[in-house]
Amino acid sequence: MGFRSAPQLKSSAQIAKLREANLIVAEVLDEVGAMVAPGVSTWELELKARAVMERAGASSAFLGYAPGGSVPPFPAVLCTSRNEVIVHGIPSKEDVLQEGDILSVDFGCFKDGWCGDSARTFPVGKIDDEAARLLEATEQGLARAIEQMVVGNRLGDVSSAVQTHVERRGFSVVRQFVGHGIGRARHESPQVPNYGRAGRGTPLNRGLVVAIEPMVNVGVPDVEILDDRWTAVTRDRKLSAHFEHSVAVTDDGPLVLSRP
Ligand code: MG
Ligand code: MG
């Protein structure tokens with residue numbers, strides 16, 4: 001299933017299966033989020049995520065993932081991305097949360113062959129005004145994008161909604177990583193950039209399911225990959241936030257599959 005093939009539209013029954021997988025994702029993020037506090041390591045969050053996932057009878061979409069064989073297999077079920085880490089941070093006992101940090105947590109799993117994927121950025125204790133504004137702008141950018149997920153719109157309407165909102169608030173959107181279609185595979189066509197022009201791109205038809213995932217930086221949008229070949233950080237080492245929902249286009253409007 002390549003990114004360039006036509007999107008595979010899902011039936012109502014298939015969307016119901018995707019909803020089940022995504023509800024497990026939401027449960028994991030709820031339980032992990034409730035643990036986020038100064039002094040907690042990202043490895044402790046990883047163990048909680050594994051426990052909740054196993055209890056739900058799901059399997060990880062991230063653990064062992066090695067796209068194209070060009071990178072070492074991802075070693076965890078969670079991506080834990082703190083402060084200047086944009087995405088794909090690796091949980092570790094040495095990575096201990098501190099008051100004032102922000103922590104992005106991304107989780108994906110398979111349930112009965114269908115994939116769920118969602119991410120949230122959590123404040124650790126009390127965060128400063130700039131960090132709070134970043135989280136708010138990123139989450140609101142995602143909300144604006146979700147509103148565009150209606151029959152008759154095009155993918156460019158979704159992308160443009162994120163970019164417009166985020167840039168108006170003085171932040172930048174990452175270009176190097178994008179959202180994606182989701183279904184039986186963790187990544188399907190189409191790609192969903194967080195920048196673009198309204199009115200352009202793939203038409204949004206009933207049954208299209210995509211993961212929309214703005215990654216938003218305080219400073220420059222540029223990305224650097226660390227030596228572990230996974231951890232993506234901002235080039236200027238300023239803060240970055242990430243929110244993600246899996247969303248279906250239905251006759252009744254946008255259906256957010258990963259919202260509890
Ligand atoms: Mg994700
Ligand atoms: Mg995703």
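Both ligands and their constituent atoms are indexed starting at 1 by order of listing.
- L257 belongs to a hydrophobic cluster whose remaining members, ordered by chain and number, are I15, L18, W114, I182, V209, L255; membership requires side-chain heavy atoms of ILVMFWY residues under 4.5 Å apart, directly or through intermediates.
- Remark: E54 engages no residue in a salt bridge (Lys or Arg N to Asp or Glu O under 4.0 Å) (not counting sequence neighbours).
- Excluding waters, the count of protein N/O/S atoms less than 2.8 Å from the Mg ion (ligand 1) comes to 4.
- A salt bridge between E31 and R55 is present, with a side-chain N of the basic residue lying under 4.0 Å from a carboxylate O of the acidic one.
- The nearest N, O or S atom of H180 is closer to the Mg ion (ligand 2) than 2.8 Å.
- With hydrogens and angles disregarded, no donor-acceptor distance shorter than 3.5 Å links the side chain of S118 to the backbone of V25.
- Here R237 pairs with E224 under the side-chain hydrogen bond (donor to acceptor under 3.5 Å, both in side chains) rule; sequence neighbours left out.
- A donor and an acceptor atom, one from each side chain of Q140 and R169, are located under 3.5 Å apart.
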